[in-house]
Amino acid sequence: MMAKLQPVRGTHDLLPADARRHQHIIAVFRDIAERYNFGQIETPIFEFTDVFDRSLGETTDVVTKEMYTFIDRSGDSLTLRPEQTAGIARAFISNGLAQNLPLKFYSHGPMFRHERPQKGRQRQFHQLDVEILGVAEPQADIEVIALGSHLMESLGLTDKVMLELNTLGDTDSRKAYRDVLVEYFSDHKADLSEEAQDRLGRNPLRILDSKDKNDRAVVAGAPAMSAYLNAASTDFFASVVDGLDALGIAYQRNEQLVRGFDYYTHTAFEFTTELLGAQSAVLAGGRYDGLIESMGGQPTPGIGWGSGIERLAMLLEFVPEANRPVVIVPIGDAAAKQGLLLLQELRHAGVTADMGAKGNVGKRMKQANKANANYAILLGDDEIAGGVVTLRDLDGGEQTEVARDVIVSQLSNRA
RNA sequence: GUGGCUGUAGCUCAGUUGGUUAGAGCGCCGGAUUGUGAUUCCGGAGGUCGCGGGUUCAAUUCCCGUCAGCCACCCCA
């Protein structure tokens, strides 16, 4: 391999076939999000570091060791966004959007995390994202999950993913449970892994989804989160579940499901798969009623999810084909000019068309074949003199003369 | 950040028990075919054997380091 010009670790070029796959996912997503009456929002791919520090939780791994943070020429600390929600929350506050509640946003674009790459994990990756701001009712939870489910269905991934669902309860419930959990884990501290012992002080809920065998044994005996939910939290979750049932959206309760960022409350969910190696989450999100307030805005409930485009792409069986071009094969100098004109007419008429820059007829026909062209248009002195064009069907091999003045409409109608 | 495996042509891979000019298939370019595309035939280009250092008369091969890829841990989309 060339040693010199390498892409930065964990980044990838999307060549046309991959780019088409990504664009297909994005197109399906946009179509569905628009049908759910979400509006597109684009926030910058970098923000003041503070935006992420304060929102994600200072002890989370993303903040402590995965952010791409740098000092710009003005001396400000900036960070490439590791996720989308914080940026949207910031935009909500910056633009004074509290006047327009409720708001439904969708977005997509690159995210950055400084992690060791592996299957389904890159340093620059792309996410789809939806957020609903200003709706405290379970209907928003249901709608956002339904949108995710709809997306899976439209991408043909329903059989490959499973919806896992949990509730973290409101702030009071979460705090109560946390205290009980810390007490329980402290009693079993000796049996926990080093990682888990470390997390006990920082983020005890995360011990629940540890993969360590010993940890799992301890977790199995831990008090259940559901037992510590207050009435309001229990009712809220019951409403979410009712809604999903009514819509026929299957899910599996997973009481160990804990999301990575501190801002989550109530509903937490993930569409997971077993087909991506160690990575399981394909689409994940939850409710974050305290986030905007903690960032300095008016108290505003929110819920949303993010979904990794690369991960979706790896599961996708459908690979969209590129348009097959019509390729013009000019023969002679006069035809080269006439060819350019015809090329322009075809393109303006909506036909994917191309014309090579050099080569004799044989060479050009080979090029047309390689370009996966469905038709070749041969244009030489004979055709020009007769006011026609020779249209060759490259799949069947039939060749016919078509009047020059109808060829464009004939081909555009076919497409 | 930690660990395991792997780096030979654009791609997929052989190979050298350390020894003159490192191979194949596919792909690419040209010709047979300057008005006709799979195929076929002929010819050609393309490698400082990831990079750096060490051992050796000699390293693509052995050793060390480094970078990268893959996979896993951690964590997450």
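Reminder, nothing fancy here: chain letters follow the sequence lines and each chain counts from 1. As the structure is a prediction and not an experimental result, all values here were calculated from the model.
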Lys/Arg N to Asp/Glu carboxylate O, [X] vs [Y], below 4.0 Å:
X         : Y         : value
Asp395(A) : Arg324(A) : yes
Arg121(A) : Glu115(A) : yes
Asp170(A) : Arg174(A) : no

Who is the Watson-Crick or G-U wobble partner of [N], with both distances under 3.5 Å?
N       : result
rU2(B)  : rA72(B)
rG37(B) : none
rU66(B) : rG50(B)
rG25(B) : rC11(B)
rG18(B) : none

Length of the line joining [X]:[atom1] and [N]:[atom2], which is rounded to integer Å:
X         : N       : atom1 : atom2 : result
Met314(A) : rC70(B) : CE    : P     : 11 Å
Leu379(A) : rU36(B) : CG    : P     : 16 Å
Tyr264(A) : rC76(B) : OH    : C1'   : 11 Å
Tyr68(A)  : rC76(B) : OH    : C1'   : 15 Å
Lys366(A) : rG37(B) : NZ    : P     : 7 Å
Glu115(A) : rC71(B) : CD    : C1'   : 15 Å
Phe52(A)  : rC75(B) : CZ    : P     : 22 Å
Met365(A) : rU33(B) : CE    : P     : 18 Å

Taking atom [atom1] in both [N] and [M], compute the distance separating them and give it to the nearest angstrom.
N       : M       : atom1 : result
rC49(B) : rU61(B) : C1'   : 9 Å
rC26(B) : rA72(B) : C1'   : 33 Å
rC42(B) : rA58(B) : C1'   : 39 Å
rU66(B) : rU48(B) : P     : 24 Å
rA9(B)  : rA24(B) : C1'   : 11 Å
rC5(B)  : rG54(B) : C1'   : 24 Å
rU2(B)  : rG65(B) : P     : 14 Å
rA59(B) : rC76(B) : C1'   : 44 Å

When we call it a touch if two heavy atoms are under 4.0 Å apart, what does [X] touch: a base, just sugar-phosphate, or nothing?
X         : answer
His108(A) : nothing
Gly285(A) : nothing
Asn372(A) : nothing
Leu283(A) : sugar-phosphate
Gln279(A) : base
Ala368(A) : nothing
Gln124(A) : nothing
Gly397(A) : base

Is the number of heavy atoms from other residues, nucleotides or ligands under 6.0 Å of [X] [atom1] greater than 12?
X         : atom1 : value
Glu42(A)  : CD    : yes
Phe48(A)  : CZ    : no
Tyr184(A) : OH    : yes

Does a nitrogen or oxygen in the side chain of [X] sit under 4.0 Å from OP1 or OP2 of [N]?
X         : N       : answer
Lys363(A) : rG31(B) : yes
His12(A)  : rA68(B) : no
Arg9(A)   : rG69(B) : yes
Gln118(A) : rA72(B) : yes
Lys370(A) : rC29(B) : yes

*asked:* Heavy-atom nearest nucleotide on RNA chain B for Gln399(A) versus Arg116(A): which residue maps closer to 5'?
replied: Arg116(A)
Candidates [options] - which lies nearest the side chain of [X]:
X         : options                   : value
Ala278(A) : rU2(B), rC29(B), rC73(B)  : rC73(B)
Ser280(A) : rU36(B), rC76(B), rA77(B) : rC76(B)
Ile331(A) : rC75(B), rG35(B), rA38(B) : rG35(B)
Val361(A) : rC75(B), rG35(B), rG37(B) : rG35(B)
Thr390(A) : rC76(B), rU36(B), rG37(B) : rU36(B)

Less than 3.5 Å between a donor and an acceptor, one on the side chain of [X] and one on the base of [N], is that the case here?
X         : N       : value
Arg392(A) : rG37(B) : yes
Arg113(A) : rC75(B) : no
Glu383(A) : rG35(B) : yes
Arg121(A) : rC71(B) : no

_Thr167(A) and Thr267(A): side chain donor to acceptor below 3.5 Å_ =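 There is no such pair (donor and acceptor under 3.5 Å, judged by atom type) between the side chains of Thr167(A) and Thr267(A).
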_Check: Thr49(A)/Ser77(A) side-chain N/O donor and acceptor closer than 3.5 Å_ =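 Side-chain D/A pair, Thr49(A) to Ser77(A): present.
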*Below 6.0 angstrom between ring centroids: does that apply to Tyr288(A) and His266(A)?*
no
